[in-house]
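Proteins get letters first, then strands, A, B, ... in listed order; numbering begins at 1 in each.
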Amino acid sequence: MTEWILFVVLSVIAIGSAVMMLVGRNPVHCALWLVLTFFCVAGFFLTLGAPFLAAVQIIVYTGAIMILFLFVVMLVNPEREGEPAVPASHRRAGLTLAAVLLVVMVGAITTRSGLGAIPTEPGGVTLRQVGTALLTEWMLPFELTSVLLLVAMIGAIVLARRRIE
Amino acid sequence: MATETKQTSEPDGVLRLGGPGLAAEPTGDIHEIETDHLEVSMGPQHPSTHGVLRLKVKLDGEWVTEVQPEIGYLHRGVEKIAENRTYFQFLTITDRLDYVAAMACNAAYAVAVEKLAGLTVPPRAELCRVIVQELDRIASHLVSVGTYGLDLGATSPFIYAFRDRETILDLLEMVCGARLTYSYIRVGGVARDLPEGEWRTRFRQFLDEFPPMLDEQDTLLSENEIFLLRTRGVGVLPPEVAVNYGTSGPVLRGSGVAYDVRRSKPYGLYPQLDFNVVTRPTGDCLARYQVRVEEMRQSVKILRQCDQLLDEIPPGEVLAKGARGVKPAAGEAYASVESPRGEMGVYLISDGSNKPYRLKWRSPSFVNLSVLSAIGRGWKVADLVAIIGSIDPVFGDVDR
Amino acid sequence: MEYVVMAAKAVVVFALVSGSMPFIVWAERKVMADAQARIGPNRVGPFGILQSFADALKLIFKEDVVPTGIDKRIFYLAPILSIIPALITFAVVPYGGPDLKLFGYPVGYVADLKDVGILYVFAVTTLGVYGIVLAGWASNNKYSLMGALRSSAQMISYEILLGLSIMGVVIGSGSLSLVEIVQAQATPYFGVIPGIWLFAQPLGFLIFLIASLAEANRVPFDLPEAESELVAGFHTEYSSFKFAMFFMAEYINLLTLSGVITTLFLGGWLGPGVDRFPILGVLYFSVKTVALVYFFIWLRATLPRLRYDQLMRFAWKVMLPAALINIFITAYWVAR
């Protein structure tokens, strides 16, 4: 019962702040709403008995990624940049994509196993299980992801590097 | 290498000075990410601009691309005031110029008037002058070196420096009753002879106790790896530039030029005294710091000789006859002394009355500060703080 | 009942941690004064011990200046975001062992998060950056913004080091729980040398110590508020109680990090006789923590400040490789 109440409260906050993030005008405020959403996601992990994931969610997303987001947003002067004009065709394409994605997700969730079927073990997911899974069964995707991140980082450095001797 | 200094010649032959950040100029070829330069006003109310200096700084991230000192916040029209006061009266105003080393200001003015009026200073007064000037030089360098540590974030050396300065201020207070604005060196001599008895004991005690204390304080900075990282190779001032800008004092000697007014244009008792003109070849912030510390040791050496001379030159007249109502014949004169900050010169024109027709104060802080926009570019903001501190301007002196 | 005990422990620890803050400030001023041939505060109360309370009162009654042209909501939010993480970190730091019981309930720690433990500490300390970054941005002041930028870059870099440097301890203890990490230090080496991780993980200890200094914005890493360059950095525009909150957060962080270092590397509550009298553990923990606080103050009295690029270079080019080497050596030693 407690879990249900928590779930509902967290969901309302998560969706609410996600909406606020979308409609907000001030980029810094938007970023902060996103932070709140991430917190709720961490809360979901906790209710699902995965405290490790919750901690990692906060450390990685709110602690590192969002700080870097803020970092960039703060350096951009919103008054001078103004709202970039979005062509109508882009809007239409975006809306279509979003609709398709929504259909796919809803379809996937309802047809396969349903919302309530996310497995929660009584003791929760232990750190040992996470580690074993990452380094045996999911070894290749795990390594590929890190290579992807490395590529992105090198790309960013190359793009930003302008002090050439 | 962060310690490297760029000196590139532009196509138009203009010498460009500054730090490693000068290479930050866009080089074309690759698509540029458009970035803004941040314009910051450092001062006049800023904790590390040593008074009311205002710097217009243009920043590219943490790099300083342009620095422009804005002065005049402490301008009091001292040179104009001089025209409305008699030669003897004006002396008290000179205290308010370089207020960290008021004795040097007194001396510069007194020497100039004496040259203009042809007054002869009694030998005992000359000795008193050297003693108080050297004590004051130590006090001033202590302020400079102590606050320099503070600029770089080290708090303790500052307190140690002020503890030792306190002893000197006590000594000077016993001499003339003031701790900051002395007005002790007068036109034609000094206000009164040095006190005997307790003063002498404390003076000797200071000469014995100060050098080890200075070593202790110096160790905290010059043997600290972080301090060396912050100062070595930073803000390099090449000797020819230092000379071209007319700098003097520790700023010039830190660039390896052995120019000291006490040696190059001797005045008073200095020709008889044995001391070294301290120089360092590198011209960076560390060199200027080291020159100041070493100069304090040299001042102690001078003071030890003066201590002996105090017994050799008998007490007697300390003020030249006719100094009070001095009325120089029409003409002009320039004389200078070595203040802790460099050549402090006074140029006087007399129209034959008892007031100067015109007075021009050559203030070493003002001239030294002028190199800032040349050597301050291309360094980080933090380096800029280190460079200002190493130039050591005093704003009473800069703005006059 | 369990929740009541938990809440009671939380309240007591919260009160003790925030209540000790004025004394840390006082201690800092006294120790600094001692190092600098001064007397320090000596007027308010015996040995000036009430000076901090007087200062706090004064700050509260000061005018609260809110600059124009700022983002008000964030300006008000920032100090709160900065003090909350500082206060809640102590929840997982064990100040007494599991044997320390009051009316049958373990009171040696507020919570022992089995699978999270030290990660909770990191998760919470990363949030502290928000207060600083937002304060710097919301103030609409160039110096504040520069302070905020510096601090976010600095804290993210050094958080990585905090995480990497304790990997050796975590591998060696086989747990993330702070209680279990302390228990893993109970067996002495060769039967005589205390089994604390300081001796087995000297490199990890050193890196963690330096990274905590950076994380707490202490000298020689106090660049975000380097007063000689950035006036007061991110809190330049803050006054009155909002400033007091930043100030409190800073000193509570100092205490918390000392507590965490004590737990990870100095054996936490462990000490002679603690098996028979568990209450001694609280004493041992306090003594070790206070010694570390003293060490941090001592550093402040001694060292100048690094330059921004030197600080970053030090983190990425010196400390990061050292931390990685430390992990490799430990992993090899454990897997052997």
Side-chain angles (χ1 to χ4, degrees), chain B residues 2-3 20-21 36 38-43 45-50 57 59 61-64 146-164 166 213 216-217 219-231 234 379-386 388-389, chain C residues 28-29 31-40 136 140-154 210 213-214 217-233 236-237 297-314 317-318:
Chain B
T3 54
D36 272 348
L38 190 66
E39 247 193 83
V40 180
S41 173
M42 254 174 123
Q45 282 90 28
H46 186 283
S48 68
T49 51
H50 288 220
V57 185
L59 296 178
E62 292 260 339
W63 293 105
V64 175
T147 53
Y148 194 48
L150 207 58
D151 285 343
L152 300 180
T155 40
S156 295
F158 170 71
I159 309 278
Y160 292 164
F162 270 61
R163 175 194 61 192
D164 297 341
E166 199 61 25
M213 282 185 172
E216 186 195 21
Q217 180 205 331
T219 313
L220 266 179
L221 289 177
S222 60
E223 283 178 25
N224 183 300
E225 200 55 42
I226 299 176
F227 180 79
L228 294 178
L229 268 175
R230 291 292 308 276
T231 53
V234 170
W379 297 101
K380 305 248 156 130
V381 193
D383 292 327
L384 193 58
V385 172
I388 300 170
Chain C
E28 168 154 281
R29 296 180 62 175
V31 172
M32 292 275 288
D34 263 2
Q36 298 175 339
R38 296 184 285 125
I39 298 167
N140 195 17
N141 175 316
K142 288 168 186 169
Y143 288 116
S144 302
L145 185 64
M146 280 177 72
L149 290 180
R150 279 181 175 192
S151 87
S152 46
Q154 171 183 333
I210 295 171
L213 278 174
N217 290 333
R218 294 282 302 180
V219 169
F221 305 107
D222 60 338
L223 291 114
E225 46 196 292
E227 77 274 3
S228 61
E229 299 147 33
L230 303 179
V231 189
T236 304
E237 295 287 356
I297 297 172
W298 178 21
L299 280 186
R300 181 171 170 198
T302 315
L303 293 178
R305 180 184 304 122
L306 276 165
R307 200 173 62 199
Y308 178 68
D309 60 318
Q310 292 164 346
L311 169 105
M312 296 303 271
R313 194 178 304 141
F314 185 60
K317 295 197 174 165
V318 181

Main-chain N/O of B:I159 paired to C:R38 side chain as donor or acceptor, under 3.5 Å: no
Polar side-chain atom of C:Q310 near backbone of B:L229 as donor-acceptor pair, under 3.5 Å: yes
B:S156 (side chain) donor-acceptor with C:A301 (main chain) under 3.5 angstrom: yes
Salt bridge (Lys or Arg N to Asp or Glu O under 4.0 Å) against B:E225, all qualifying residues, sequence neighbours excluded: none
Full working for side-chain contact (heavy atoms from CB on, under 4.5 Å) between B:I226 and C:R305: CA-CA 7 Å; B:I226 299 176; C:R305 180 184 304 122; 5.9 Å; no
Segment of B:F227 engaging chain C (4.5 angstrom heavy-atom cut-off): both
Value rounded to 0.5 Å, distance of CG in C:L303 from CG in B:L220: 9.5 Å
